[in-house]
Amino acid sequence: MLARTAVRALANSRQFSSSAARQTKVAVLGAGGGIGQPLSLLLKNDPLVTSLSLYDIRGAPGVAADVSHIDTPSEVHGYAADKLDEALEGVKVVVIPAGVPRKPGMTRDDLFNTNASIVRDLAAAVGRVAPEAHILVISNPVNSTVPIVSAVLEKLGVYDPRRVFGVTTLDVVRAARFLGGIAGADPADTRVTVIGGHSGATIVPLLSQTEKGKGITGEVYDQLVHRIQFGGDEVVKAKDGAGSATLSMAYAGATFTHALLRGLSGEKGVITPTFVKSPLYEDQGIDFFSSNVELGPNGVEKIHPIGEISAQEEKLLAACLPDLKKNIEKGKAFVAQS
Ligand SMILES: NC(=O)C1=CN([C@@H]2O[C@H](COP(=O)(O)OP(=O)(O)OC[C@H]3O[C@@H](n4cnc5c(N)ncnc54)[C@H](O)[C@@H]3O)[C@@H](O)[C@H]2O)C=CC1
Ligand SMILES: O=C([O-])CC(=O)C(=O)O
């Protein structure tokens with residue numbers, strides 16, 4: 001399982017990996033935030049990261065000074081608000097958790113007005129300074145921010161769809177954990193492919209494709225699907241105005257980053273769901289979609305088909321597609337009007 005593999009790698013981080021010699025510089029934009037700080041901590045412990053570039057409009061040099069004392073080989077540098085270009089020099093991977101989080105009663109789409117321009121401007125800087133970088137978008141609403149990043153890069157003439165990813169790994173992490181809880185099994189044995197997008201009804205878990213999930217029916221099935229789709233709301237409610245998931249998201253972000261770095265380093269068979277430019281529903285006007293993607297030396301190596309799904313999952317997918325289409329179009333329209 002992907003998450004388990006990442007944990008093992010992180011645990012082994014004190015051994016200087018031979019792959020580390022490859023010099024992989026990773027930047028975190030939004031490194032001073034609730035996600036950015038623990039994500040920076042986890043990336044400092046990833047043996048595939050040789051240099052960590054931490055940027056935020058507030059607090060990144062402090063986070064960098066703190067994290068830099070951890071006794072792993074990677075270098076860490078922090079950059080203040082006016083040092084974005086410097087932060088991006090020579091980076092191979094850029095992870096973006098910059099932007100505002102939800103408060104109770106808000107949808108992810110309610111974050112659009114603030115986060116769309118933050119993500120647009122950061123993407124433009126990446127396109128200018130590090131046009132070959134792989135960009136991992138965490139900032140919500142992911143269903144719109146990924147099309148925003150893509151459209152910005154397209155405008156700059158540097159867009160390669162194999163290098164832009166929406167991080168939907170938290171949905172995969174939650175699905176494994178929640179199914180594991182119900183099945184009384186180790187989440188390593190209850191990995192679920194989650195497709196679609198990253199908000200409410202656009203999150204579609206394919207429980208029928210897992211050994212432990214396929215027998216679940218009735219109310220238990222409905223509750224499990226609802227919990228996977230609205231797990232984010234659970235955290236927003238519990239934090240009661242203090243934000244949304246940060247620690248589990250940092251874990252998910254570090255897990256996905258590690259998977260990408262494994263793919264980039266030439267490892268075969270690294271497959272995980274991620275929200276990318278995709279042909280799967282293009283005939284319905286939906287050109288971004290999350291499904292199992294094989295990661296390789298160029299980023300997206302292969303987009304896997306959805307495979308066989310149940311009648312219930314067909315219904316979930318039918319509910320997902322119109323919402324997803326609207327979210328994608330909103331992101332594209334924002335850049336077109338910018
Ligand atoms: N993809 C996913 O599964 C998830 C996404 N998120 C999203 O991640 C985003 C960040 O969440 P938190 O870390 O909890 O928020 P936060 O408010 O704790 O941190 C955000 C950070 O971004 C920084 N920032 C704002 N504008 C910036 C700019 N122009 N350049 C660089 N940094 C900038 C802020 O100074 C702050 O340090 C939110 O949009 C949230 O909805 C949260 C959880 C899961
Ligand atoms: O719920 C939120 O706003 C943050 C998020 O995307 C998640 O936890 O899945």
Side-chain angles (χ1 to χ4, degrees), residues 3 6-7 9-14 16-17 19-20 22-101 115 118-119 122-123 125-126 129-130 133-140 142 145 165-167 169-170 173 242-262 264:
V7 168
L10 295 174
N12 289 339
S13 63
R14 277 157 195 270
F16 190 84
S17 156
S19 327
R22 284 197 184 90
Q23 298 304 323
T24 306
K25 186 169 180 180
V26 176
V28 179
L29 310 184
I35 296 167
Q37 292 200 34
L39 177 60
S40 302
L41 168 68
L42 292 170
L43 292 176
K44 177 71 177 100
N45 283 286
D46 187 326
L48 298 183
V49 177
T50 56
S51 176
L52 202 48
S53 184
L54 305 183
Y55 173 80
D56 198 298
I57 52 169
R58 265 187 304 273
V63 175
D66 190 352
V67 163
S68 74
H69 290 187
I70 292 170
D71 59 349
T72 57
S74 50
E75 289 194 8
V76 185
H77 298 282
Y79 298 91
D82 58 342
K83 300 276 190 277
L84 177 56
D85 284 17
E86 274 176 52
L88 291 171
E89 260 162 39
V91 296
K92 185 152 194 176
V93 172
V94 180
V95 193
I96 309 185
V100 292
N115 290 352
I118 293 174
V119 170
L122 292 173
V126 179
V129 181
H134 297 261
I135 306 180
L136 281 50
V137 187
I138 291 174
S139 316
N140 272 315
V142 167
T145 50
F165 309 85
V167 182
T169 314
L170 184 51
V173 166
S244 56
T246 54
L247 303 173
S248 51
M249 181 59 234
Y251 168 79
T255 299
F256 183 74
T257 306
H258 185 71
L260 177 63
L261 294 176
R262 284 167 54 211
L264 293 179

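All values reported here derive from a predicted model rather than from experimental measurement.
Looking at heavy atoms from C-beta onward, Lys44 lies in side-chain contact with Ser74 at the 4.5 angstrom threshold. Residues Leu261 and Thr24 form a side-chain contact, since some pair of their non-hydrogen atoms from C-beta on lies under 4.5 Å apart. Val93 is not listed as a side-chain neighbour of Val49, based on a closest heavy-atom distance of 4.5 Å or more. Residues Thr246 and Ile35 are in side-chain contact: their nearest non-hydrogen atoms beyond the backbone lie under 4.5 Å apart. Looking at heavy atoms from C-beta onward, Thr145 lies out of side-chain contact with Asn140 at the 4.5 angstrom threshold.
Legend: residues meeting side-chain hydrogen bond (donor to acceptor under 3.5 Å, both in side chains) with Asp85, ordered by chain and number and at least two apart, are Arg128. Residues passing the side chain to side chain contact (heavy atoms under 4.5 Å, CB included) test with Pro38, sequence neighbours excluded: Leu247, Ala250. By the ring-ring contact (aromatic ring centres under 6.0 Å, His included) test, Phe165 is found to be paired with Phe256, residues two or more places apart in sequence or in another chain being considered. Scanning for side-chain hydrogen bond (donor to acceptor under 3.5 Å, both in side chains) contacts around Glu75 gives His77, with sequence neighbours left out. With sequence neighbours left out, the side chain to side chain contact (heavy atoms under 4.5 Å, CB included) criterion links Pro101 to Ser244. Here Ala80 pairs with Pro61, Asp82 under the side chain to side chain contact (heavy atoms under 4.5 Å, CB included) rule; sequence neighbours left out. Every residue meeting the side chain to side chain contact (heavy atoms under 4.5 Å, CB included) condition with Glu86, not counting sequence neighbours, appears here in chain and number order: Tyr79, Lys83. For the side-chain hydrogen bond (donor to acceptor under 3.5 Å, both in side chains) test, no residue two or more places apart in sequence or in another chain qualifies with Ser248.
Of all non-hydrogen atoms in Ala133 and Val126, the two that sit nearest each other are CB-CG1, 4.1 Å. In plain terms, the two heavy atoms of Ala27 and Leu88 that are nearest each other are CB-CD2, 4.4 Å. Closest of all the heavy-atom pairs between Gly30 and Asp56 is C-OD2, 3.1 Å. Of all heavy-atom pairs spanning Lys25 and Glu89, the tightest one is NZ-O, 2.7 Å. The two residues Ala98 and Leu122 have their closest heavy-atom pair at CB-CD1, 3.6 Å.
Between Ile118 atom CD1 and Leu29 atom CG the span is 11.5 Å, to the nearest 0.5 Å. Note: His258 NE2 to Leu260 CG = 11.0 Å, rounded to the nearest 0.5 Å. Taken from CG in Leu41 to CG in Asp46, the straight-line distance is 12.0 Å, to the nearest 0.5 Å. Rounding to the nearest 0.5 Å places NZ of Lys92 at 5.5 Å from CG of Leu264. With rounding to the nearest 0.5 angstrom, the CD1 atom of Ile138 is 12.5 Å from the CG atom of Asn115.
Between Thr257 and the choices Val95, Leu48, Leu42, Thr169, the side-chain contact (heavy atoms from CB on, under 4.5 Å) rule is met once, by Val95. Considering Leu52, Leu54, Thr72 in turn, Leu52 is the only one that fulfils the side-chain contact (heavy atoms from CB on, under 4.5 Å) rule with Leu43.
Under the 3.5 Å distance criterion, the side-chain polar atoms of Ser139 are matched with a main-chain donor or acceptor of Ile96.
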Go through it in stages, so that I can follow the logic: the residues are Val142 and Val167, the test is side chain to side chain contact (heavy atoms under 4.5 Å, CB included), and I'd like the CA-CA distance, side-chain angles, deciding distance and then a yes or no. CA-CA 8 Å; Val142 167; Val167 182; over 6 Å; no
